[in-house]
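Working notes, structure below.
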Amino acid sequence: MDYFKEYDLIIVGAGHAGCEAALASARMGTATLLLTLNLDTIAQMSCNPAIGGLAKGQIVKEIDALGGEMGQNIDKTGIQFRMLNTKKGPAVHSPRAQADKKEYQFAMRQVLETQEGLDVIQAMTTNILVDGKRAMGVISQTGMCYKAGAVILTTGTFLSGLIHIGEISFPGGRGGELPAVGLSDNLRELGFEMKRLKTGTPPRLNGRTIDYSKLQAQPGDDLPLPFSHKTSRITQEQLPCFITYTNPATHQIIRESLDRSPLYTGRIKGVGPRYCPSIEDKVVRFSEKERHQVYLEPEGRETTEVYANGLATSLPEDVQIRFLEAIPGLEKARMIRPGYAIEYDFAPPTQIKPTLETKLIENLYFAGQINGTSGYEEAAAQGIMAGINAVLKLRGQGPFILDRSEAYIGVLIDDLVTKGVNEPYRMFTSRAEYRLLLRQDNADARLMSYGYRFGLVSEQAYLRLQARESQVEQEINRLESTRLNPHQTKALGIELKEPISLVQLLRRPEVNYHDLDKIGQNGRHLSPLVCTEIETRIKYEGYIKRQMVQVERFKKLEGRIIPPDLDYDQITGLSCEGREKMGRIRPLSLGQAARIPGLRSADISVLLIHLERFRRKKSE
């Protein structure tokens, strides 16, 4: 059966990647269809009820600058907001917010259902409709054929999902939900390589049975900062989280039960996340540690359900009950959902281009956990990029690719397509070479021009950004030209022998921008965001200039474009391994080629010589 309406773009899956892809597509004026297994679990938070965190917060701000929805949605539905790493430099400051889990879902669903140009339908996709090597739509489990010019798969952990709790295993895409059946086999039939990954989640607890008097409260920030440029301020009341710790008694219970753990009996075949291990994995791998932190997070305002962050496990239910009873504050806590591990299929991301279009099937895009990533934020970032690029491709326009010097999103996608994954990929600030330039507080300045160009950011918002940047420049110029006599700095407890400019004064580690109020030199009333940007640029000027020089070198390598149809087998001097790796990855530039793992520097030199000869021959 053919559905009565044809679309420009179909998105399969309404998790965080699918939501952003669908909204970007529809807002760019494209007729869009979003297919989901269950309308009631749109934007479901399968794991911890939080958005942002280390490096992830930067990604959310970047999604927002491009015109995405995640930042605005968490601003509306967050129940606690914190800026992490504030004792360190601004390069690693990262916003994080606890979400009201159900309110976040309902708010995102409302945005999707009221978006002009977007249809949302509940259906299980089992096949990609292909004409030759070109995607033309999808077929549902009931045989309905939905046709479109392009397709984006954002399938999360649902592809042939298998849930493990102790000795019990059963099919599932998430706890209590059915897996996506058939689509993995179809992708294999189309020629894609599919592998297995594993992730896990902790037990959920009844908050009324927790003894909070034994726990350490973790409040939100006094002045919470929003994620979205559309949010003026956070006004809702914040809820506290709580901290407790495991102990030797907890660890002993876990060790005695390892023979019942699917992780250690070999029943789980998929590779798990190294940076978010299960509690049994932590107890074994870090046996010298006497305790591990447990972060208790409320799942919402209208529920007593609590997420026990740090206790991800696939141990049997009875063992989970026993080790919870051995944790301070949780002695009488009642588990209302057990923790579990889930295995699922993914497509190694070296099979996609930097646009997230697959190399094998034209106009078919992969985004989110199907590419081997973990986390809502990484998925949403891929979703908006896939949505934008699919629309641009349908319009016959050039691709939109962010490089590593522009955004964490650029780092994320470049890592995926160039290096591939052998475990669930998680973003860290350490992955970004230019993280001082990629701060959470300047995401708008870096990326909003793109969102405005694609029609995803309003002209009003873009003009506000330009006015803010102008304020920063004008104030820095004033600070550079204003000089103080030695007696003027005494109010700050600073003794000087010679005059000093306000910029020189602000470079001192003990002085911040607001200290200028004490000497009547703050100039004018500026927003906190502008003040932070001014202070960061001045205090880190030397480091920023150094990174800018590194970026220029990086861009020279990125500017050495490699022809997409280059035949590596015909390049004399390349090693067999070099031919195989570059032929498989098909790097777009010399810089990307240099980042391919295991590629020898000699192969890069041979490639450079070949490209130079090609350039000279072409110019002749």
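Scanning both residues, Arg196 and Ser160, for their nearest heavy atoms gives NH1-O, 2.9 Å. Contact between Leu296 and Thr244 at its shortest, heavy atoms only, is CD1-CG2, 4.5 Å. Gly372 and Val421 make their closest contact through CA-CG2, 4.0 Å (heavy atoms, listed as atom of the first residue, atom of the second, distance). The minimum heavy-atom distance between His164 and Ser314, with the atom names listed, is O-CB, 3.7 Å. Closest of all the heavy-atom pairs between Ala65 and Ala443 is CB-O, 3.6 Å. Residues Cys19 and Leu112 share a closest heavy-atom pair of SG-CD1, 3.6 Å.
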Note to self: One pair to check against ring-ring contact (aromatic ring centres under 6.0 Å, His included): Tyr212 and Phe242. What are the steps and the verdict?
What the structure shows: CA-CA 8 Å; Tyr212 289 101; Phe242 294 87; 4.6 Å; yes
Notebook entry, point to check: Does the ring-ring contact (aromatic ring centres under 6.0 Å, His included) test come out yes or no for Tyr450 and Phe400, once each step is laid out?
Noted result: CA-CA 9 Å; Tyr450 294 121; Phe400 174 47; 4.9 Å; yes
Margin query: Using side-chain contact (heavy atoms from CB on, under 4.5 Å), reason through Thr350 and Val417 one step at a time and then give a plain yes or no.
Written below: CA-CA 5 Å; Thr350 51; Val417 303; over 6 Å; no
Item checked: Trace of the ring-ring contact (aromatic ring centres under 6.0 Å, His included) decision for Tyr376 with Tyr104 -> CA-CA 13 Å; Tyr376 316 138; Tyr104 185 96; 8.0 Å; no
Next item on the list: Please test Lys102 against Glu302 for salt bridge (charged side-chain N to carboxylate O under 4.0 Å, His left out), starting from the C-alpha separation and ending with a verdict.
Entry: CA-CA 9 Å; Lys102 285 299 175 186; Glu302 307 300 327; over 6 Å; no
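Between Tyr7 and Asp119 the shortest side-chain heavy-atom distance falls below 4.5 Å. Side-chain contact check for Ile234 versus Leu223: every heavy-atom pair is 4.5 Å or farther apart. Side-chain contact check for Ile42 versus Phe106: every heavy-atom pair is 4.5 Å or farther apart.
A 6.0 Å sphere centred on CG of Leu39 holds more than 12 heavy atoms belonging to other residues, nucleotides or ligands. In this structure, Gln110 places its CD atom where only 12 or fewer heavy-atom neighbours from other residues, nucleotides or ligands lie under 6.0 Å away.
The salt bridge (Lys or Arg N to Asp or Glu O under 4.0 Å) test with Asp414 is passed by exactly one of Arg595, Arg431, Lys353: Arg595. Each of Gln369, Lys56, Arg426 was evaluated against Glu378; a single residue qualifies, Lys56, per the side chain to side chain donor-acceptor pair (under 3.5 Å) test.
Checked for salt-bridge contact, Asp185 and Arg188 meet the test: a charged N lies under 4.0 Å from a carboxylate O. Salt bridge status for Lys101 with Glu297: absent, with no side-chain N to carboxylate O gap under 4.0 Å. With salt bridges taken as basic N to acidic carboxylate O contacts below 4.0 Å, one links Glu299 and Arg204. The residues Arg109 and Asp40 are annotated as salt-bridged, a charged nitrogen and a carboxylate oxygen being separated by less than 4.0 angstrom. A salt bridge links Arg274 with Glu423: the closest approach of a Lys/Arg side-chain nitrogen to an acidic carboxylate oxygen falls below 4.0 angstrom. Using a cut-off of 4.0 Å between Lys/Arg side-chain N and Asp/Glu carboxylate O, Glu533 and Arg439 are scored as salt-bridged.
Checked against a 6.0 Å centroid threshold, the rings of Phe192 and Phe346 do not count as neighbours.
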